[in-house]
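Ligands are counted one by one from 1 in listed order, and the atoms in each one are counted from 1 as well.
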Amino acid sequence: MATSHTEPLLTPRTTLGRHAERGTHERDTINQILDEGFVCHVGFVSDGQPYVITTGYARVRDQLYIHGSAASRMIRHLEKGIQMCVTVTLLDGLVLARAAFSHSMNYRSVVVLGKASLVEDPEEKMAALEAITENIVPGRWAEARWPTEQELKATSVLKLPLTEASAKIRTGGPKDKEEDLNFPVWAGVLPLSLVPGNPVEHEASAVHEVPAYVARYSRSRGGK
Ligand SMILES: Cc1cc2nc3c(=O)[nH]c(=O)nc-3n(C[C@H](O)[C@H](O)[C@H](O)COP(=O)(O)OP(=O)(O)OC[C@H]3O[C@@H](n4cnc5c(N)ncnc54)[C@H](O)[C@@H]3O)c2cc1C
C-alpha cells in the first residue's frame, strides 16, 4: 500500500515567509495535526479558476487520502495529477490584543503541496475508505455496513504523497507593542476547542445503546 518517505518535507515551495519561526517541517508534528483534524481544504486550478473545496480526508503513513463522487469537478481534475494544495487548520484560541492591529488566533495548521493519483488497487481503496471513516469516528468502520460494489464504483479515492509539506503553529498571548500595554482594555486569550454535544438518536435507529466511541468522542487524539 502506501510507500514510506523519509526525505525532508521542506522544499523551496514549503519554506515559510512571514513568521517563519512558527513553522516546522517535522514529520511527526505534521502527522499529529493531520490526525487531529478531519476537515481539509483542497485547492486547485480548473480552467484558470482557483477552487478551494472543503472535504474529509485521512492520513495513512505517508499518504493523504481524499474521496468523492467520481463525477465531481474536484476528483475529475485532481485525478489527472495536476498541482494541488491541501490545508488543514486546528483553531486553538482567539487572541485579544490591546491594539486592533495585533488581534490574532492560536492555531496549528498544515499545508501539503503535490500531485494526487487515483487509487486503482481495490484493497488499497477499501483501506483508504476505512481510514477516512475512522478519521471521522474511530471505531465506526467495524460496525458500519461496508461499501457495496456499486458504491465503490461511484466513489473515487485519491492519494497525495506527503513529500512536500509544512506546519505553522501559533501559541501564547497577544503581542502588543510596549507602548500599548497600559491601554485600558482586557487583553488575553479565549481558548477554543472542538467538543461534542449530546448524541441525538435517529428515530429509526435499530439500536438504542450509544456506542462507547460516540459517548467518549474526542478529537484531541495526539496522533495515531
Ligand atoms: C487560523 C489562522 C489565522 C491566520 N490569520 C492570519 C492573518 O490574519 N493574517 C496573516 O497575514 N496571516 C494569518 N495566518 C497565517 C497565514 O496562514 C500565512 O502563514 C501567512 O499569511 C503568510 O505566510 P507566508 O508569507 O509564510 O506564506 P507564503 O509565502 O504564501 O507560504 C510559503 C509556504 O509556507 C507554508 N505556509 C504558509 N502559511 C502556512 C500555514 N498557515 N500553515 C502551514 N504552512 C504554511 C506553505 O508551505 C507555503 O507554501 C493565519 C493562519 C491561521 C491558521
Could you check Arg108 against Lys168 for side chain to side chain contact (heavy atoms under 4.5 Å, CB included), going step by step and ending with a plain yes or no? CA-CA 6 Å; Arg108 289 163 287 154; Lys168 195 167 179 179; over 6 Å; no
When you measure from atom 27 (O) of ligand 1 to the protein, is at least one non-hydrogen atom found at a distance under 4.0 Å? no
Would you please say whether a donor-acceptor pair under 3.5 Å links the side chains of Ser46 and His77? yes
Taking Glu134 for its side chain and Gly139 for its backbone only, find out whether a donor-acceptor pair lies under 3.5 Å. yes
Atom 38 (N) of ligand 1 has as its nearest protein heavy atom Lys168 CD, 4.1 Å
Within the distance-only criterion (no hydrogens, no angle test), does the side chain of Arg27 pair as donor or acceptor with the backbone N or O of Leu162 below 3.5 angstrom? yes
In this structure, atom 49 (O) of ligand 1 is nearest to the protein heavy atom Arg13 O, 2.7 Å
Any idea which part of Thr89 is under 4.0 Å from ligand 1, heavy-atom wise: side chain, backbone, both or neither? side chain
Could you measure the distance from the CD1 atom of Ile169 to the CG atom of Asn106? Nearest 0.5 Å is fine. 11.0 Å
Heteroatom distance test (Gly17, ligand 1): nitrogen or oxygen, under 3.5 angstrom: yes
Check whether Ser205 reaches the backbone of His208 with its side chain - one donor and one acceptor, N or O, closer than 3.5 Å. no
Of the side chain and backbone of Arg170, name the one, both, or neither that has a heavy atom under 4.0 Å from an atom of ligand 1. neither
Taking only heavy atoms of Thr14, which atoms of ligand 1 are found under 4.0 Å from at least one of them? 47 (O)
heavy-atom search around atom 37 (C) of ligand 1 in the protein gives Leu16 CD2, 4.2 Å
Which part of Arg18 is near ligand 1, with near meaning a heavy atom under 4.0 Å away: side chain, backbone, both or neither? both
If you have a sec, work out which protein heavy atom is nearest atom 1 (C) of ligand 1 and how many Å separate them, to one decimal? Met105 SD, 3.8 Å
Protein non-hydrogen atom below 4.0 angstrom of atom 7 (C) of ligand 1 present: no
Do any non-hydrogen protein atoms sit less than 4.0 Å from atom 47 (O) of ligand 1? yes
Does the residue Thr15 have a heavy-atom contact with ligand 1, meaning some pair of atoms that are separated by less than 4.0 Å? yes
Check Lys125 with Glu120, please: is the shortest side-chain N to carboxylate O separation under 4.0 Å? no
Looking only at protein heavy atoms, which one is nearest to atom 15 (C) of ligand 1, and what is the separation? Tyr107 OH, 3.8 Å
Check Gly56 against Cys40 and note the closest heavy-atom contact, atom names and distance. O-SG, 4.1 Å
Any idea which part of Ala167 is under 4.0 Å from ligand 1, heavy-atom wise: side chain, backbone, both or neither? backbone
protein heavy-atom neighbour closest to atom 35 (C) of ligand 1 works out as Ser166 OG, 3.2 Å
Using a strict threshold of under 4.0 Å (side-chain N to carboxylate O), is an ion pair present between Arg13 and Glu164? yes
What protein heavy atom lies closest to atom 40 (C) of ligand 1? Include the residue and the distance to one decimal. Ser109 OG, 3.3 Å
Under 4.0 Å and counting heavy atoms only, is there anything from the protein next to atom 19 (O) of ligand 1? yes
Reported OG-to-NZ distance for the pair Ser117 and Lys115, which is rounded to 0.5 angstrom: 11.5 Å
Has the side chain of His19 got a donor or acceptor atom that lies under 3.5 Å from a matching backbone atom of Glu21? no
Hey, does the side chain of His25 reach the backbone of Thr14 with a donor-acceptor pair shorter than 3.5 angstrom? yes
Tell me whether atom 13 (C) of ligand 1 lies less than 4.0 Å from at least one protein heavy-atom position. no
